[in-house]
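I have placed the structure first, in the form of structure tokens, so that the comments after it can refer back to it.
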Amino acid sequence: MSLVLWLVPLTAAVVAVTLAGLVVLSPAPALAPKAPRALDLAGRPDEQLLTARDGTPLAYREYRPDRATGPVVVLVHGSGVDSRVVHRLAVALQADGCTVYTPDVRGHGGSGRRGDIDHLGQLDEDLDDLVELVDAAHPGAERVLVGFSAGGAFVLRIAASDLGDRFDRFVLLSPALPFPSPVARRGTGGWAAPRLPRIVGLLVLNRLGVHRFDGLEAISFAVHPDEPWTIGHYSFRLAMTFACPHHVDAMRRVQRPISLVAGADDDQFHADRYAAEFRPAAPDLDVRLVDGLGHVDLILDDRGIDAVRAAVGSSVPLPR
């Protein structure tokens, strides 16, 4: 009996040291910076500020058409950037009669401190606050939530949650489904590098109710120094919240119409595997691939933008 009593604290100490090593000593990954892309920001609306429930000002832009004939669209950007990357797409949707809101997700652009949030799930609260603003400005309007890359994964997670009931439709644009999903390319085409040992350690600590270390860096991005508006890394709590860890289960829980659009030659994800990945959960999911387009091309190239416009304007139901 005394031996057992002696082994219990020893085992706990070994586990604690192992977790500490995973969390603290995880090395920073090396990434070659991606070449900057020229973005046409002509006609970009002025930044507006929404005061979130915790008092933090969150930046967004509103693209208001001359005549509103389409739905109200909330358009969420991808990882490591801000809302400027979806400007061309927002302008196209605006021309179609949509009112478009493009928030800088907290931790990006003009919203909060860069690369971090205060706690897991805070982005959901921010979106809820933005929807309150949208509801007040456009009572009774159809609402569509659209997200690109990491934003697409975030939109999928929202669509599967109670907050998803506040939208009528969802459109996922090349949603980021990381390893071990078969959709993920090794190294995500050189864009993102997660600190996997640290993430594993923090997941274990979270299971034990420990969140003290959630602000540690968990993923790095291949941002270029000539683009100072980009974000070079995410904390664990931002990385986990701006994502959809259980994407197949999430798709199974979605109760509103949902579509997926991607470039067939996506350099970060295997676009031709999206349908098979989600088929067990949604046999008739509307998946549209645009030939000859890479990951970012989907929101910058005219052919990609046209495909997104068609998806946003459609009402393809998700059979159940």
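Counted by atom type alone, Asp104 and Ser111 present zero donor-acceptor pairs between their side chains at under 3.5 Å. Remark: the Ser181 side chain and the Glu277 side chain contain an N/O donor-acceptor pair separated by less than 3.5 Å.
Using a cut-off of 4.0 Å between Lys/Arg side-chain N and Asp/Glu carboxylate O, Arg37 and Glu227 are scored as not salt-bridged. Under 4.0 Å is where a charged nitrogen must lie from a carboxylate oxygen, and between Asp116 and Arg237 at least one such pair does. Salt-bridge annotation for Arg113 and Asp118: present, with a side-chain N of the basic residue lying under 4.0 Å from a carboxylate O of the acidic one. At a threshold of 4.0 Å, the pair Arg53-Asp128 counts as salt-bridged, since one of the basic side-chain nitrogens sits closer than that to a carboxylate oxygen. Between Arg212 and Asp214 there is no salt bridge, since no side-chain nitrogen of the basic residue lies less than 4.0 Å from a carboxylate oxygen of the acidic one.
Note: Tyr101 and His138 have perpendicular aromatic rings, judged against thresholds of 30 and 60 degrees for the angle between ring planes. Classification of the His247-Phe278 ring pair by plane angle, with boundaries at 30° and 60°, yields perpendicular.
When all heavy atoms of Leu172 and Leu156 are compared, the closest pair comes out as CD2-N, 3.8 Å. Looking at every heavy atom in both residues, Asp40 comes nearest to Arg88 through O-CG, 4.1 Å. The shortest heavy-atom contact between Arg252 and Gln255 is O-NE2, 4.3 Å.
Looking at Glu217, its side chain never comes within 3.5 Å of a backbone N or O of Ser235 through a donor-acceptor pair. Arg157 places no side-chain N or O within 3.5 Å of a backbone atom of Gly152 that could act as its donor or acceptor partner. The backbone N or O of Pro182 lies less than 3.5 Å from a partner atom in the side chain of Arg273, making a donor-acceptor pair.
Here the side chains of Asp135 and Val131 are in contact, with some heavy-atom distance below 4.5 Å. The shortest side-chain heavy-atom distance between Val76 and Val105 falls under the 4.5 Å cut-off. A heavy-atom distance below 4.5 Å is not found between the side chains of Leu298 and Ile305.
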Could you go through Arg309 and Asp302, starting from their C-alpha distance and side-chain angles, then the distance that decides it, and tell me whether this counts as salt bridge (Lys or Arg N to Asp or Glu O under 4.0 Å)?
CA-CA 10 Å; Arg309 290 169 58 207; Asp302 287 343; over 6 Å; no
Please test Asp286 against Arg169 for salt bridge (Lys or Arg N to Asp or Glu O under 4.0 Å), starting from the C-alpha separation and ending with a verdict.
CA-CA 12 Å; Asp286 177 32; Arg169 290 186 285 115; over 6 Å; no
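Residue-environment remark: NE2 (His246) stays at or below the threshold of 12 foreign heavy atoms within 6.0 Å.
Not less than 6.0 angstrom separates the ring centroid of His211 from the ring centroid of Phe236. Between Phe269 and His295, the distance from one ring center to the other falls under 6.0 angstrom.
Here the options are Arg44, His77, Glu47, the test is side chain to side chain donor-acceptor pair (under 3.5 Å), and the partner is Ser83; only Arg44 passes.
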